[in-house]
Amino acid sequence: MKSVLKIVPLCLFLFFSIDSHSQDLITNTLNRKSFSLNGTWNYIVDPYETGYYNYRYEPYDQLKQKNNSAFYNNYHTDDKSELVEYDFDRSPTILVPGDWNSQDDRLLYYEGTIWYKRSFDYQQADHNNRLFIWFGAVNYKAEVYLNGTKLGSHTGGFTPFNFEVTGLVKTRDNYLVVKVDNKRVREGIPTLNTDWWNYGGITRDVKLIEEPATFIRDYFIGLKKGSAKTISGYLVADNVTGREKLTITIPELGLSEDVVVTDDSRVEFDIATEKLELWSPASPRLYTVMITSAYQTIKDQIGFRSISTEGPDILLNGKPIFLKGISIHEENPLRRGRAFGEADGLVLLNWAKELGCNYVRLAHYPHNEHIVRLADKMGMMVWEEIPVYWTVDFTNEKTLHNARNQLAEAITRDKNRASIIIWSVANETPPSDIRNRFLVNLADHARELDDTRLVSAALEKHFRDGVNIVDDEMGNHLDIVAFNQYTGWYGGSLEDAPDSKWDIKFNKPVVISEFGGGALQGLHGSIDERWTEEYQEYLYQQNLKMIERIPNIRGTSPWILADFRSPKRLLPGIQDGWNRKGLVSDNGIKKRAFYTLRSFYDKIDEKYE
Ligand code: GCU
């Protein structure tokens, strides 16, 4: 089979590198040779940011004192007369990955700076290789130093980033210092106000990656848009001088195709195949894909499928589907704190499976890579979202650049995951012209980076003259019209819900991205007593009857799988700092409404088979 080679001009590659971090990102780190820096780190809580340097330095010795007192120098002294006011090695320790809020009660509400330090030795396999330090995520702003040298900074609490450290790593006694600041800021993404806990810290994996001087940094391999028998995509090699032959092999399909990449550009390919088993929730088929160069072989497990829309239908591999979903925050209530590992993902996705879901909305930010890869394996379709949440500063160019960068990092990391079918650019943002320009910019950026998936956002409806109306201008720019509605919780009558009237201004698939209500697990009473399980159960019964009748309805992801921590939920004896809209309690106990949703999903498929 002849592969069609197209060398994409460097300018196009540079176009994709507008957001610097996404341009440098090393993908598929789980399948690369790496040295884990997870484990016990020392930390210093520093609300006054003393760690940059000590303001009390002697006139004659300013430079030395200033340097020595900066925490990133991890300074020690045997000179008993010398003034040094910190010592990482005598400071407390904390686990990485993991937020600090759930590891030390004194830090439960802490918002500020904490300095982390990890010492390590490293025996480089080959001194011609290159070294990178990679972070799965740091919330919210990270400044990274190695052996006293500043590597750089990163803003955004839910996407990966890496820095090259070739030539900086010693065989012994390296010290990696990370300044983490989780203060909420007006211009941030998200901004000051969110209905989730502001977990700070090095919240995901950290690793040292060793790569050949010329290495395969990134690639996109999937089903060609509009075809069921062509695998296509691109490969990106780093530090190519002249020409580099790469080979893409998919042993189970008997495929092996050579391509040539030159001068740091990327190379595109199309590979015809006859016998591809498509990925779906019923059959989540993953293929081992290998990319080989003269210096290395990178392996990945990739599913091939298509996702598209046709009028009101969502088509998976050309067939209409209904998204039987649930929304999920990145918290494993059984363990407390930010979820980060495969074990957390299994707890959450197994509950979703028990609900009868074929789809999850990972709210309101990109979750860790482990749960996304689990979704690939378990056959769970995914809505992945960036935290453009509520009232971000739509007038601020820096805020837009931050949102674009987080979107690019999420797409760069996960574009080979068959489970992801939707990129979401926002949640419940108040409509305005400036907000529309901001979101259209993000929707266009998502499609530039990946035109194989659907783009959506959680909009809102409004109510006029007895009719629920969905006419948000953004509906014209999205593939799926999704919106949150809380009939029976934030207004509206549960009794009348099934007969409510809807006017949806778009002939597109409609997904109810949120509905729900709170219940304290174990609190029982009548269906009109708020906070009882019976109230929540009745709310689900009535909302589901209503949803079935909404025009073009093609899915829902009720709010939310499990109770989660929120500083906004303060009702003593009921909330106590927890949002209680979960179908599972913070002790992992299912509430009555869990079974209401499950029986709805058991029946809904009949309409779409
Ligand atoms: C909003 C928002 C959620 C929030 C939920 C609630 O729709 O999207 O983040 O937690 O409502 O009020 O519980």
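All ligand and atom numbering here is 1-based and tracks the order in the structure.
Identified under the ring pair (Phe, Tyr, Trp, His ring centres under 6.0 Å) test for residues 404-439, with sequence neighbours left out: F394-F438.
Within 4.0 Å of ligand 1, protein heavy atoms belong to D195, H364, Y389, N427, E428, N484, Y486, Y490, E514, W559, F564, R569, N579, K581, listed by chain and number.
No hydrogens or angles considered: a donor-acceptor pair under 3.5 Å links the side chains of S513 and N484. Defined by atom type and a distance below 3.5 Å, a donor-acceptor pair is present between the side-chain atoms of T113 and K179. With hydrogens and angles left out, the side-chain atoms of N198 and E111 include a donor and acceptor closer than 3.5 Å.
Remark: side-chain polar atoms of Y601 are paired, donor with acceptor, to backbone N or O of G325 under 3.5 angstrom.
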Next item on the list: Decide yes or no on ring pair (Phe, Tyr, Trp, His ring centres under 6.0 Å) for H364 and H329, but give the supporting numbers first.
Entry: CA-CA 7 Å; H364 285 291; H329 257 306; 5.5 Å; yes
